[in-house]
Amino acid sequence: MLQMKAYKYRIYPNSEAREKLAKQFGCVRFVYNYFLNERIAHYEKTGKGLTYNQTAGMLTDLKKKLTWLKEVHSQALQASLGDLDAAYANFFAGRAKFPNFKNKRGKQSCRYPQGFKFQDGYTYLPKIGWIKTIFHKQLHGTPRNLTVSKTKSGKYFISVIVEEDVFPYESVNRSVGIDLGLKDFLVTSDGHKIPAPKYLRRAEQKLKRLQRQLSRKQKGSENREKARKQLAIQHEKVANQRKDFQHKLSKWLIDNYDFVALENLNIKGMVKNHKLAKSISDAGWGEFVRQLTYKGSWYGSEISKIDRFYPSSKRHFACGWIKQDLALSDREWVCENCGEIVDRDVNAAKNILNFTTVGMTESYAWGDLPLGESENQEAS
């Protein structure tokens, strides 16, 4: 089955290419911001919005007035209009907030619909030239577009979207329920626990120190830029650690189970609790579920969610008795109906599986945990 996949590689542009990329990023950002402002002003004046075709025609006239826009790749400018139109579509569909103006101090990027090519460890970008590229894994499929990006720490990457044949895995006839948490990131219905890595919490002291160093530097100085870059590198490291953990764990679940059941968490509402907001954001449940969902669709595993109001923690999975006064601090409780000692998280995972399982009841005989953690190891 054909699927759209992304391959991300790091590139190392020389000084000339960096200068050209900076100009490309700046022009793309200018076009995006200019037409976002035009669309807002047009709506306030007429009560109607501008379409992509209308803004594309306006871009042609704008390039006649601002000749420096002709120095960069024209299709990259048109792609920014497409990105703006997609941002409006996501907003009206309720998938995102209203589009924001792009900032030159944030992450920079531009997209090439075509014209790029690859050869012997190099990538060719129109109006930029050949750039050294580290292809750490082989590129498969048919390339559809390419995005060049520069992070706040000054690193350059390309992300290639390809259309590729993805074949589902052979069925293993195993199902699992998972309960996401803060102490243990994930607890399975098999009774095994994977501790939360807490990457942000572990780096918190270093981040505070780097932030203090940045605040002491004079604005506009070279030392302030160095301090800003060091802080950005540390934030990037935390994000990369979290993403690596999520990718490995989600792929492991898809490799070993045909059916994965989980709870439909209201993460947006949960982060409003100021006592837990940082820990919830550090866990990254939303991104993990997103990765699990698209990998399941690729490789043939079914991902099912139960309603967030189902009493998965309060209901004893064995006899159905509900402990109405269960507090968040109660990690174990005694069932008053059968007298069994119940582990809160394992019980929740089993309830989630029982509520959603469709015909697959064989549990997985646990071997090594995917990330090398012990089953009873406590989160740091």
Side-chain angles (χ1 to χ4, degrees), residues 169 171-199 201-202 241-265 279-280 282-293 295-296 299 301-306 310-319 326 328-335 340-380:
Y169 292 153
S171 175
V172 293
N173 195 32
R174 297 175 187 139
S175 58
V176 69
I178 61 175
D179 180 60
L180 300 176
L182 296 178
K183 179 183 177 183
D184 294 307
F185 178 82
L186 184 147
V187 178
T188 72
S189 55
D190 299 15
H192 305 278
K193 303 179 180 182
I194 297 179
K198 301 181 181 180
Y199 294 116
R201 291 290 188 183
R202 285 157 54 181
Q241 288 176 321
R242 185 185 298 117
K243 189 177 295 185
D244 180 71
F245 170 81
Q246 292 169 341
H247 274 298
K248 288 178 178 177
L249 183 55
S250 58
K251 184 62 164 57
W252 179 86
L253 286 169
I254 298 302
D255 287 345
N256 290 283
Y257 298 100
D258 298 324
F259 182 88
V260 181
L262 66 157
E263 193 175 5
N264 184 20
L265 297 174
S279 296
I280 292 172
D282 188 15
W285 294 331
E287 175 61 16
F288 174 75
V289 173
R290 186 191 72 85
Q291 292 181 13
L292 191 65
T293 302
K295 288 173 185 175
Y299 301 114
S301 294
E302 183 179 352
I303 311 299
S304 181
K305 300 178 182 179
I306 69 166
Y310 178 75
S312 58
S313 297
K314 296 181 179 181
R315 181 188 298 272
H316 186 200
F317 79 94
C319 66
L326 183 66
L328 185 61
S329 59
D330 297 332
R331 310 318 300 173
E332 290 185 344
W333 49 276
V334 178
C335 177
E340 183 178 344
I341 298 176
V342 181
D343 183 292
R344 177 197 184 101
D345 297 326
V346 175
N347 178 70
K350 289 182 177 181
N351 276 324
I352 290 170
L353 178 60
N354 290 342
F355 190 77
T356 56
T357 297
V358 284
M360 286 178 290
T361 57
E362 180 186 343
S363 63
Y364 176 48
W366 189 265
D368 293 331
L369 283 170
L371 303 178
E373 301 287 354
S374 169
E375 145 185 326
N376 297 317
Q377 182 179 349
E378 303 228 346
S380 57

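Heavy-atom basis, side chains included; hydrogens, waters and symmetry copies ignored.
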Applying side chain to side chain contact (heavy atoms under 4.5 Å, CB included), run through D179 and E263 and close with a yes or a no. CA-CA 7 Å; D179 180 60; E263 193 175 5; 4.2 Å; yes
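- Residues L249 and F185 have side chains in contact (heavy-atom distance under 4.5 Å, counting atoms from C-beta outward).
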Between K305 and V289, is the side chain to side chain contact (heavy atoms under 4.5 Å, CB included) condition met? List the steps. CA-CA 10 Å; K305 300 178 182 179; V289 173; 3.6 Å; yes
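- Other residues, nucleotides and ligands place no more than 12 heavy atoms under 6.0 Å from the NZ atom of K243.
- Here the side chain of E287 pairs no donor or acceptor atom with the backbone of Q246 at under 3.5 angstrom.
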Does the pair R174 and F259 meet the rule for a side chain to side chain contact (heavy atoms under 4.5 Å, CB included), with working shown? CA-CA 7 Å; R174 297 175 187 139; F259 182 88; over 6 Å; no
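- Here NZ of K295 is found 9.0 Å from CG of D255. Values are rounded to the nearest 0.5 Å.
- Side chains of F288 and T293 form no contact here, defined as non-hydrogen atoms less than 4.5 Å apart.
- The shortest distance between side-chain heavy atoms of I254 and L292 falls below 4.5 Å.
- For the residue pair S301/D258, the side-chain donor-acceptor check at 3.5 Å is not satisfied.
- The heavy-atom pair separating S189 from L353 by the smallest distance is OG-CD2, 3.4 Å.
- Ion pairing of R242 with D282 is present here, as a side-chain N (NZ or NE/NH1/NH2) and a carboxylate O approach within less than 4.0 Å.
- In this structure, Y199 and F245 have side chains that are in contact, with non-hydrogen atoms separated by less than 4.5 Å.
- Residues L262 and I303 meet the side-chain proximity criterion, which asks for heavy atoms closer than 4.5 Å.
- With a 4.5 Å cut-off on side-chain heavy atoms, W285 and L265 count as touching.
- Contact detail for V172 and N256: the closest heavy-atom pair is CG2-O, 3.6 Å.
- In terms of heavy atoms, L182 sits closest to A196 at O-CB, 3.0 Å.
- Residues E302 and V260 form no side-chain contact, since every pair of their non-hydrogen atoms from C-beta on lies 4.5 Å or further apart.
- Side-chain contact, D190 with Y257: a donor N or O sits under 3.5 Å from an acceptor N or O.
- Residues N351 and H316 are not in side-chain contact: their nearest non-hydrogen atoms beyond the backbone lie 4.5 Å or more apart.
- No cation-pi contact links K350 to F355, judged by a cut-off of 6.0 Å to the six-membered ring centre and 45° from its axis.
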